[in-house]
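Below: the structure, in structure tokens.
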Amino acid sequence: MKERLEALKLEALQELSGVQSQQELNDLRIKYLGKKGPLTEVLRGMGALSAEERPVIGQVANDVRAAIETVIEEKQAAYQQQETETRLRAEMIDVTLPGRPSQQGAVHPLSKVIQEIEDIFIGMGYTVAEGPEVEQDYYNFEALNLPKDHPARDMQDSFYITDEILMRTQTSPVQVRTMEKRKGEVPIKIICPGKVYRRDDDDATHSHMFTQIEGLVIDRNVRMSDLKGTLLQFVQEMYGKETRIRLRPSFFPFTEPSVEVDVSCAMCGGVGCRTCKQTGWLEILGAGMVHPRVLEMGGYDPKEYTGFAFGMGVERIAMLKYGIEDIRHFYTNDLRFLKQFLHL
Ligand code: PHE
């Protein structure tokens, strides 16, 4: 019996040494150590042995079993190690590869100019107000001293939603809304940026939608010279200390007197070039002293209070500042255009 066990051990070890795969190893484990294997069979036959032989053979059987198990375990460990290595290699990440940079966004040039203008006026004590783009006829026209059949409405034909509701043609309705909200209190010092809409041609300098910034100041003793000083301060912060302004008489139903304000051309310094059509000046905004009728309709006694208002075209100001020759660039979202403002 001892010889049989030794032969079994030899046979098993020999077979195990030639093992080629995990599967073969499993098969051999079952073949030699399994319940129906030869070792179990030998052990089962031990009952027939004598009391002296039994521990001797038992010892040999255990040694054989241990020897086979050891080899199987070694091989098993080797397979496991190999498997781990293969998996790690497959999952390997090369941390030395350069990363793929994510695209960096930037503030739109119009937003940027609005922020700049806001900063300048906030520095002068103004707050920023807002109003709706879909506006009532009352706020857009009537309360600004443009009654229903006023001829000046022709200059600002709009997109009507109903007879009484339209896309606002100007940011001036925010003047009226602000006066209503403040209920006769002073001082009022606001600016209001926002989109406005007009029936208009779309070309290099016109767009049916554009951006304005409105300004309104109401208090006691507000004078025309305050308006002039404020606007001069503004353009000099925007375009540089040497910038000058020029006021020309004009007409708006909601201001009296009214002016159009020109700024000395930033391109040529005022000597004359293509941008300013050789005049040295560029028109950037309309302004004036708030009309007594408008103050009254807004709940402010014109005998006690005065004020000034202005409205500027933001695209115009941005085009001058950055030398942009076509207003449509602002709206078509061409990245080649927009990326030029990334680091400004
Ligand atoms: N709302 C006027 C326009 O759009 C500009 C303006 C604003 C003029 C305030 C005077 C005072 O043309």
Side-chain angles (χ1 to χ4, degrees), residues 114 117 121 126 128-133 135-147 150-159 166-179 188-201 205-219 222-231 234-235 245-263 282-298 300 302 305-317 327:
I114 289 172
I117 297 172
F121 280 100
Y126 287 66
V128 179
E130 268 184 63
E133 289 172 28
E135 186 55 286
Q136 295 170 38
D137 186 276
Y138 173 77
Y139 290 111
N140 195 82
F141 289 132
E142 274 182 71
L144 288 167
N145 204 24
L146 278 122
H150 197 289
R153 283 194 178 204
D154 282 357
M155 289 193 304
Q156 298 191 11
D157 195 7
S158 178
F159 302 93
L166 67 154
M167 303 304 289
R168 69 176 174 196
T169 61
Q170 47 189 353
T171 42
S172 302
V174 182
Q175 289 187 33
V176 182
R177 288 180 170 276
T178 304
M179 283 187 266
I188 289 178
K189 266 179 109 173
I190 56 120
I191 53 162
C192 166
K195 295 190 186 79
V196 300
Y197 303 80
R198 289 180 195 181
R199 199 206 66 79
D200 211 337
D201 293 332
T205 52
H206 297 86
S207 165
H208 63 276
M209 183 221 75
F210 61 102
T211 319
Q212 286 190 329
I213 292 185
E214 192 81 9
L216 175 70
V217 173
I218 296 177
D219 205 345
V222 177
R223 292 157 303 179
M224 189 86 178
S225 53
D226 297 317
L227 169 63
K228 201 175 166 185
T230 301
L231 294 177
F234 163 67
V235 297
I245 53 169
R246 179 174 80 171
L247 273 55
R248 286 179 290 110
S250 183
F251 171 79
F252 299 102
F254 36 92
T255 46
E256 182 59 37
S258 301
V259 288
E260 249 152 64
V261 180
D262 298 337
V263 62
L282 286 151
E283 186 193 323
I284 54 161
L285 59 88
M289 301 306 289
V290 180
H291 195 290
R293 286 278 300 134
V294 174
L295 284 170
E296 220 164 52
M297 281 187 279
Y300 286 79
Y305 302 109
T306 51
F308 65 74
F310 56 84
M312 59 180 102
V314 180
E315 284 81 352
R316 231 322 163 65
I317 289 170
I327 196 170

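Note that the structure is a prediction, hence the values are computed from the model and not measured. Ligands are counted one by one from 1 in listed order, and the atoms in each one are counted from 1 as well.
- For the residue pair Gly311 and Leu285, the shortest heavy atom distance occurs at O-CB, 3.2 Å.
- Residue Gln170 approaches ligand 1 through these ligand atoms, each under 4.0 Å from one of its heavy atoms: 1 (N), 2 (C), 3 (C), 4 (O).
- Taking a cut-off of under 4.0 Å to the non-hydrogen atoms of Ala287, the atoms of ligand 1 that pass are 8 (C), 10 (C), 11 (C).
- Looking at Phe310 against ligand 1, only its backbone comes within 4.0 Å, counting heavy atoms.
- Considering each of Arg198, Met289, Glu214, Gln175, the one bringing a non-hydrogen atom nearest atom 4 (O) of ligand 1 is Arg198.
- Of all atoms in ligand 1, numbered sequentially from 1 with element shown, those under 4.0 Å from a heavy atom of Ser172 are 1 (N), 7 (C).
- Closest heavy-atom approach to atom 7 (C) of ligand 1 within the set Gly313, Gly311, Gly215: this belongs to Gly311.
- By the 30° and 60° cut-offs, the orientation of the rings of His150 relative to Phe251 is parallel.
- A pairwise comparison of heavy atoms in Phe159 and Arg199 identifies CE1-N, 4.2 Å as the closest pair.
- Under a 4.0 Å criterion applied to the non-hydrogen atoms of Gln212, ligand 1 contributes the atoms 3 (C), 4 (O).
- Looking only at side-chain heavy atoms (C-beta outward), Phe210 and Val196 come within less than 4.5 Å of each other.
- Using a cut-off of 4.0 Å between Lys/Arg side-chain N and Asp/Glu carboxylate O, Glu214 and Arg168 are scored as not salt-bridged.
- Between Arg316 and Glu283 there is no salt bridge, since no side-chain nitrogen of the basic residue lies less than 4.0 Å from a carboxylate oxygen of the acidic one.
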